S.K.: 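Got a structure for you, written out below as structure tokens; questions coming shortly.
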Amino acid sequence: LLVFDNANPLEPESLGEYVPSVGKPVRGADVHATSITVNGQTAFLTVNHGTVPQKNQDTGKTIQRDAGGGLHILNVADPLEPFLMGRFRLPDTPIEFVKVQAMGTRALVLDARYGVWSVECEDERSPRLLGGAPTQGEIRDMVIEHNRAYLASAHGQGVLVVDIAD
């Protein structure tokens, strides 16, 4: 995440940055941010670190595990020093978060592999899953209007509509 002062649009000034880090690097996992939204002094950043194979000790099966991505919740009150307040992820579930939108204290996170996750972020340090709406196929974009999420399919399903009312 790079923070810029755009007071002079012809010469934007770089102010600060946040580099996602979730521990030691995982071999073969690429780190990339896919979406950001800002609500007041809080920024919500979707970060994907790819997946890595891991053998389940109980079953002996190899599964693809998330290598540390998720929804990073940042304090951007001081644009020179944005910092991580909390992170939401789905343990043991491969994710591909592609977009986030804030609605009050909730974040709606679009997961290309699943659908839409609703995450309560009132306590930024401990975001928690409220629920989700699965879809079929890969979803790549989302627009929120009133109590509906409009999802754009990547494989010809058109637009899917999800009721996101409380």
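In what follows, residues are counted from 1 in the order of the sequence shown. Just so we're clear, the structure is a prediction, and the values are computed from it rather than from any experiment. The figures that follow rest on heavy atoms only: side chains count, while hydrogens, waters and symmetry mates do not.
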S.K.: Look at the side chain of Asn39 and the backbone N and O of Gly104, then say whether any donor-acceptor pair between them is shorter than 3.5 Å.
M.R.: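 Indeed, once roles are kept as given, a pair shorter than 3.5 Å links the two residues.
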S.K.: Which atoms form the tightest heavy-atom contact between Pro82 and Pro79, and what is the distance?
M.R.: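 Pro82 and Pro79 have their closest heavy atoms at CD-O, 3.6 Å.
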S.K.: Using only atom types and a distance under 3.5 Å, with no angle test, would you say the side chain of Ser35 pairs donor to acceptor with the backbone of Val100?
M.R.: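 Side chain of Ser35 to backbone of Val100, a donor-acceptor pair under 3.5 Å: yes, one is there.
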S.K.: With clusters defined by side-chain heavy atoms of hydrophobic residues (ILVMFWY) lying less than 4.5 Å apart, directly or transitively, does Leu71 cluster with Leu129?
M.R.: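 Result: yes, single cluster for both.
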S.K.: Please indicate whether Glu138 has more than 12 foreign heavy atoms, meaning atoms of other residues, nucleotides or ligands, lying under 6.0 Å from its CD.
M.R.: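 Correct, the count exceeds 12.
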S.K.: Do Thr135 and Leu151 come within less than 4.5 Å of each other through their side chains, counting heavy atoms only?
M.R.: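 A side-chain contact exists here, since the closest heavy-atom pair is under 4.5 Å.
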S.K.: Going from CD on Glu124 to NE2 on His72, what distance comes out if it is rounded to the nearest 0.5 angstrom?
M.R.: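 Reported to 0.5 Å precision, the distance equals 15.5 Å.
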S.K.: To the nearest 0.5 Å, tell me how far Asn75 CG sits from Met85 CE.
M.R.: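 Asn75 atom CG to Met85 atom CE measures 5.0 Å (nearest 0.5 Å).
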S.K.: Answer yes or no: is there a side-chain heavy-atom contact under 4.5 Å between Phe44 and Ile73?
M.R.: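 Counting from C-beta outward, Phe44 and Ile73 do come under 4.5 Å.
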S.K.: Is there a continuous path of hydrophobic side-chain contacts, each under 4.5 Å between heavy atoms, that joins Leu84 to Val38?
M.R.: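 Yes, Leu84 and Val38 fall within the same hydrophobic cluster.
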S.K.: If only side-chain N and O atoms count, and only distance matters, is there a donor-acceptor pair under 3.5 Å linking Glu120 with Thr105?
M.R.: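 Looking only at side-chain atoms, Glu120 and Thr105 do form a donor-acceptor pair, the distance falling under 3.5 Å.
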S.K.: Under 4.0 Å between a Lys/Arg side-chain N and an Asp/Glu carboxylate O for Lys99 and Asp141?
M.R.: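 Looking at Lys99 and Asp141, the cut-off is met.
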S.K.: Between Arg140 and Glu96, does the side-chain contact (heavy atoms from CB on, under 4.5 Å) criterion hold? Intermediate values first, please.
M.R.: CA-CA 10 Å; Arg140 284 288 165 194; Glu96 190 178 347; 2.7 Å; yes
S.K.: Run the side-chain contact (heavy atoms from CB on, under 4.5 Å) check on Leu130 and Arg106 step by step: do they pass?
M.R.: CA-CA 9 Å; Leu130 294 175; Arg106 275 194 310 166; 3.5 Å; yes
S.K.: Assigning hydrophobic clusters by single linkage (Ile, Leu, Val, Met, Phe, Trp, Tyr; side-chain heavy-atom cutoff under 4.5 Å), is Phe97 placed with Tyr150?
M.R.: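 No, separate clusters.
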S.K.: Is Val162 close to Arg148 at the side-chain level, that is, under 4.5 Å between some pair of heavy atoms?
M.R.: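 They are not in contact (no side-chain heavy atoms under 4.5 Å apart), so the answer is no.
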S.K.: Measure the spacing between CE of Met142 and CD1 of Ile164 and express it to the nearest 0.5 Å.
M.R.: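 With rounding to 0.5 Å, CE (Met142) is 8.0 Å from CD1 (Ile164).
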S.K.: Distance-only, no hydrogens or angles: does the Thr46 side chain make a donor-acceptor pair with backbone N or O of Gly70 under 3.5 Å?
M.R.: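 No; judged by distance alone, with no hydrogens or angles, the pair does not exist.
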S.K.: Passes side-chain contact (heavy atoms from CB on, under 4.5 Å), Val109 versus Val116? Steps please.
M.R.: CA-CA 6 Å; Val109 182; Val116 178; over 6 Å; no
S.K.: Thinking salt bridges, do Asp111 and Arg113 make one under a 4.0 Å N-O criterion?
M.R.: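 Answer for the salt bridge query: no.
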S.K.: Atom CD in Glu11, atom CD in Glu13: separation rounded to 0.5 Å?
M.R.: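 It is 10.0 Å, given to the nearest 0.5 Å.
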S.K.: Any chance you could measure Leu1, atom CG, to Ile36, atom CD1, to the nearest 0.5 Å?
M.R.: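 Output value for this atom pair is 4.5 Å.
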S.K.: Working to the nearest 0.5 Å, report the span between OG1 of Thr34 and CG of Leu45.
M.R.: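 That separation rounds to 7.5 Å.
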